[in-house]
Amino acid sequence: MRIISQNKEHDLPYEHCAIWTKIPENIIYATPIGEPDTLLQMARYTTAEKAEKAIQKLHECHIGIHAVEGLNDTVDCSSLSQIGIYKINENGDYAYKLPVGERIFRFPQDDEL
C-alpha cells in the first residue's frame, strides 16, 4: 500500500515507514525506515480529533486490505470501496480487486474529516 501526503508532495510505501502524530500541533509525520533523520510532514489538521481520525482511517485502510485478501468479487463489498480495495467501473459496479501495489491512501484535507 502507498500513502500520499495531504499536499501530494510525499508518496511512501506504508510498510517501510513509521507514521506518528505530534500533538498539540496536530501534524502527522512519516519517517522512512532506515532514515531516522528524515521527517516528512504528511498532513496537518486544525484539531487533535481530526488528526486522530485521519490516523484511524489510515489504519482502517491497511487493516481492510488484509481483511479482504481472500474475498472474491461475489461478496458484497460496498463498504470496502471507501477504503480503496476495489476499483469501481462507470456503472458503479465493482470491477476488480486492486492488487496490493495499486492500493493508495491519501491523507484527507482538514475539511474532509
Side-chain angles (χ1 to χ4, degrees):
M1 182 173 93
R2 309 270 329 156
I3 56 171
I4 299 174
S5 62
Q6 203 174 40
N7 63 5
K8 300 178 186 171
E9 184 177 336
H10 306 295
D11 179 345
L12 302 167
Y14 177 83
E15 295 81 4
H16 297 275
C17 62
I19 305 291
W20 51 281
T21 305
K22 185 173 181 183
I23 305 293
E25 292 86 357
N26 308 320
I27 300 172
I28 297 173
Y29 290 104
T31 300
I33 293 174
E35 300 179 38
D37 296 331
T38 302
L39 185 65
L40 305 173
Q41 181 175 319
M42 300 302 286
R44 177 183 288 246
Y45 296 99
T46 54
T47 66
E49 292 77 20
K50 286 186 176 186
E52 289 172 13
K53 189 171 183 178
I55 290 289
Q56 179 184 356
K57 287 184 174 289
L58 172 65
H59 290 304
E60 287 172 358
C61 183
H62 190 256
I63 289 168
I65 286 170
H66 295 291
V68 299
E69 285 296 336
L71 294 180
N72 61 40
D73 290 338
T74 63
V75 178
D76 178 13
C77 296
S78 56
S79 64
L80 299 179
S81 64
Q82 296 176 4
I83 58 173
I85 303 303
Y86 281 79
K87 181 171 183 174
I88 299 175
N89 65 20
E90 305 82 39
N91 300 328
D93 300 325
Y94 298 100
Y96 59 89
K97 190 164 64 171
L98 293 173
V100 174
E102 292 182 29
R103 297 174 187 159
I104 297 170
F105 176 85
R106 182 189 56 83
F107 278 97
Q109 298 298 320
D110 192 79
D111 62 351
E112 295 176 325
L113 293 174

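Not measured: the values here are computed from a predicted model.
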Smallest separation among heavy atoms of K22 and Y29, with atom names: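 Nearest heavy atoms, K22 then Y29: CB-CE1, 3.9 Å.
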Kindly give the heavy-atom pair with the smallest separation between P32 and C17, and that separation in Å.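 Looks like CA-CB, 3.9 Å.
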For E112, is there an ion pair with R106 - N to carboxylate O distance below 4.0 angstrom?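 The answer is yes: the pair qualifies as a salt bridge.
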Looking at N26 and A48, would you say the former's side chain and the latter's main chain have a donor-acceptor pair under 3.5 Å?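 Pair found, side chain donor or acceptor close to backbone of A48.
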Give a yes or no on whether the backbone of M42 and the side-chain of Q6 come within a donor-acceptor separation of less than 3.5 Å.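 Flag not set: sc Q6 to bb M42 has no pair under 3.5 Å.
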Which pairs, with at least one residue in residues 39-48 and sequence neighbours excluded, count as a side-chain hydrogen bond (donor to acceptor under 3.5 Å, both in side chains)?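 Output for this query lists T46-D110.
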Are the side chains of I28 and F107 in touch, meaning some heavy atoms are under 4.5 Å apart?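 In contact.
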Mind checking the [atom1]-[atom2] spacing from [X] to [Y]? Nearest 0.5 Å is all I need.
X	Y	atom1	atom2	value
L40	E9	CG	CD	8.5 Å
I33	H16	CD1	NE2	7.0 Å
D111	K50	CG	NZ	7.0 Å
T31	W20	OG1	CH2	6.0 Å
R2	I4	CZ	CD1	8.0 Å

Report whether I3 and I27 are members of the same hydrophobic cluster (ILVMFWY, side-chain heavy atoms less than 4.5 Å apart, transitive linking).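 As far as the 4.5 Å side-chain criterion goes, I27 and I3 are not connected within one cluster.
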